[in-house]
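For clarity, every value in this text was computed on a predicted model and none was experimentally measured.
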Amino acid sequence: MPPRITTAIVTCALGLVALAPGAGTAAAAPAGPADGASPRPAVDARAAAVDRCSYQVVRSDDSRYVYSVSAVTGGVARELPVQKEDFVRLAGEWRKVAQVDACTGGQGQAPTTLRVTGKLDNPDGYDSSVPRTIRSNDLRPAPSSVIPVAPVVTSADRLDAATVRVAWKPAQGSPDQVMLMERKPLYSSEIGIWVPYTYQRDVQPGATSADRRLERDSGIPADVRTHSYWMRVAKGGFVSDLRTEKPVTVQP
């Protein structure tokens, strides 16, 4: 379970939305150049168009920093609002996936370059050697054809009192990774309450169903009892459109 889980649980306990698990790590400062090569950027990121207005940015994450995505035009950077974001485990490494809106404010021209910037969240708490700002390279978005399409969950049928079988349509386009996303109650022994928590379940290629256990403890509050299931896929380092995810819910 990634290190960000504790923060996610506490946040949920305060009544905020459930956070997905995740925390990959990124270098806090660029690596030194080798043999005269350019230094590596502190934020490893890639971008692709999802549609005319939306762009997906997949990046590494260092939890000490607060990140933003900007469109760069004529040397001027314009920060883009986030439509949806989440952590995703890709090939065993946690990455942050953000989808941003480039059309807000009446902007009609598609950006040719995007940039990720991270600003140190609590600079007074770190030694001066820790960079206050880190950045990615300038990113030229790939075409929308690189964004894979996730299969649709078709049913969540109860097998017995504590088990459901979640079924979905076969994944198309030979994705690198197929994920069943599951949100259900998690008991935190540290704070002594049940909180909603999101799990990523990687499934075998060709699989179209999985049996999942329901949490039925009588102590689970009514507002966190709902179980939800949806699909994601990844291909070529990009993830399916997060905005189109429509969870199928089950009341245990």
Side-chain angles (χ1 to χ4, degrees), residues 1-25 61-64 66-67 82-90 92-99 121-122 150-169 177-204 207-234 239-252:
M1 193 172 290
R4 194 174 290 247
I5 181 172
T6 302
T7 301
I9 291 174
V10 173
T11 303
C12 291
L14 293 175
L16 299 180
V17 295
L19 298 179
T25 56
D61 183 72
D62 183 328
S63 60
R64 298 173 297 178
V66 176
Y67 294 85
V82 175
Q83 296 171 320
K84 193 168 183 179
E85 61 183 353
D86 206 349
F87 282 98
V88 180
R89 188 177 63 249
L90 300 176
E93 182 177 350
W94 287 100
R95 311 283 285 183
K96 187 67 172 285
V97 179
Q99 292 187 194
D121 190 24
N122 180 26
V152 176
V153 171
T154 55
S155 63
D157 298 322
R158 194 180 299 271
L159 299 183
D160 55 43
T163 311
V164 293
R165 176 163 294 164
V166 182
W168 57 89
K169 292 184 177 180
Q177 191 172 332
V178 180
M179 298 157 262
L180 171 62
M181 305 301 297
E182 178 182 43
R183 181 177 293 127
K184 66 178 184 177
L186 169 71
Y187 184 74
S188 168
S189 58
E190 294 182 4
I191 54 181
I193 62 172
W194 288 88
V195 294
Y197 192 76
T198 301
Y199 299 85
Q200 175 182 314
R201 314 290 189 185
D202 294 351
V203 300
Q204 294 297 318
T208 56
S209 68
D211 294 350
R212 302 305 313 150
R213 176 176 173 270
L214 299 173
E215 296 292 347
R216 295 170 50 82
D217 191 287
S218 60
I220 301 175
D223 58 345
V224 297
R225 291 185 69 84
T226 301
H227 291 51
S228 301
Y229 305 92
W230 66 97
M231 302 302 294
R232 282 180 184 159
V233 295
V239 179
S240 48
D241 187 346
L242 302 183
R243 301 165 309 159
T244 65
E245 296 172 343
K246 297 180 180 180
V248 172
T249 60
V250 174
Q251 295 295 335

side-chain contact (heavy atoms from CB on, under 4.5 Å) between Leu186 and Tyr199, worked out: CA-CA 10 Å; Leu186 169 71; Tyr199 299 85; 3.2 Å; yes
[atom1]/[X] to [atom2]/[Y] distance, rounded to the nearest 0.5 angstrom?
X: Arg64; Y: Asn122; atom1: CZ; atom2: CG; result: 11.5 Å
X: Tyr229; Y: Arg212; atom1: OH; atom2: CZ; result: 7.0 Å
X: Arg225; Y: Thr249; atom1: CZ; atom2: OG1; result: 14.0 Å
X: Ser63; Y: Lys96; atom1: OG; atom2: NZ; result: 10.5 Å
X: Asp61; Y: Tyr67; atom1: CG; atom2: OH; result: 4.5 Å
X: Arg216; Y: Leu214; atom1: CZ; atom2: CG; result: 7.0 Å

Derivation and outcome, side-chain contact (heavy atoms from CB on, under 4.5 Å), residues Met231 and Val152: CA-CA 7 Å; Met231 302 302 294; Val152 176; over 6 Å; no
Partner set under side chain to side chain donor-acceptor pair (under 3.5 Å) for Thr226, not counting sequence neighbours: Gln251
Do you know which two heavy atoms are closest between [X] and [Y], and how far apart they sit?
X: Met179; Y: Val88; answer: SD-CG1, 3.8 Å
X: Pro247; Y: Glu245; answer: CD-O, 3.5 Å
X: Pro185; Y: Trp194; answer: CB-CE3, 3.6 Å
X: Gly219; Y: Asp217; answer: N-OD1, 2.7 Å
X: Trp168; Y: Pro151; answer: CD1-CG, 4.1 Å

side-chain contact (heavy atoms from CB on, under 4.5 Å) between Val166 and Leu180, worked out: CA-CA 9 Å; Val166 182; Leu180 171 62; 4.0 Å; yes
Cationic tip of Arg89 above Phe87 ring, under 6.0 Å, 45° of axis: no
Side-chain donor or acceptor of Thr208 paired with backbone N/O of Ala167 under 3.5 Å: no
Heavy-atom donor-acceptor pair, Lys184 side chain to Arg213 backbone, under 3.5 Å: yes
Any salt bridge between [X] and [Y], counting N to O under 4.0 Å?
X: Lys84; Y: Asp241; result: no
X: Asp211; Y: Arg165; result: yes
X: Arg95; Y: Glu93; result: yes

Pairwise side-chain contact, Pro252 with Glu215, heavy-atom cut-off 4.5 Å (strictly under): no
Test side-chain contact (heavy atoms from CB on, under 4.5 Å) applied to Gln177 and Val233, step by step: CA-CA 6 Å; Gln177 191 172 332; Val233 295; over 6 Å; no
Thr198 side chain to Arg183 side chain, donor-acceptor N/O pair below 3.5 angstrom: yes
The single option from Gln99, Gln200, Arg232 passing side chain to side chain contact (heavy atoms under 4.5 Å, CB included) against Asp86: Arg232
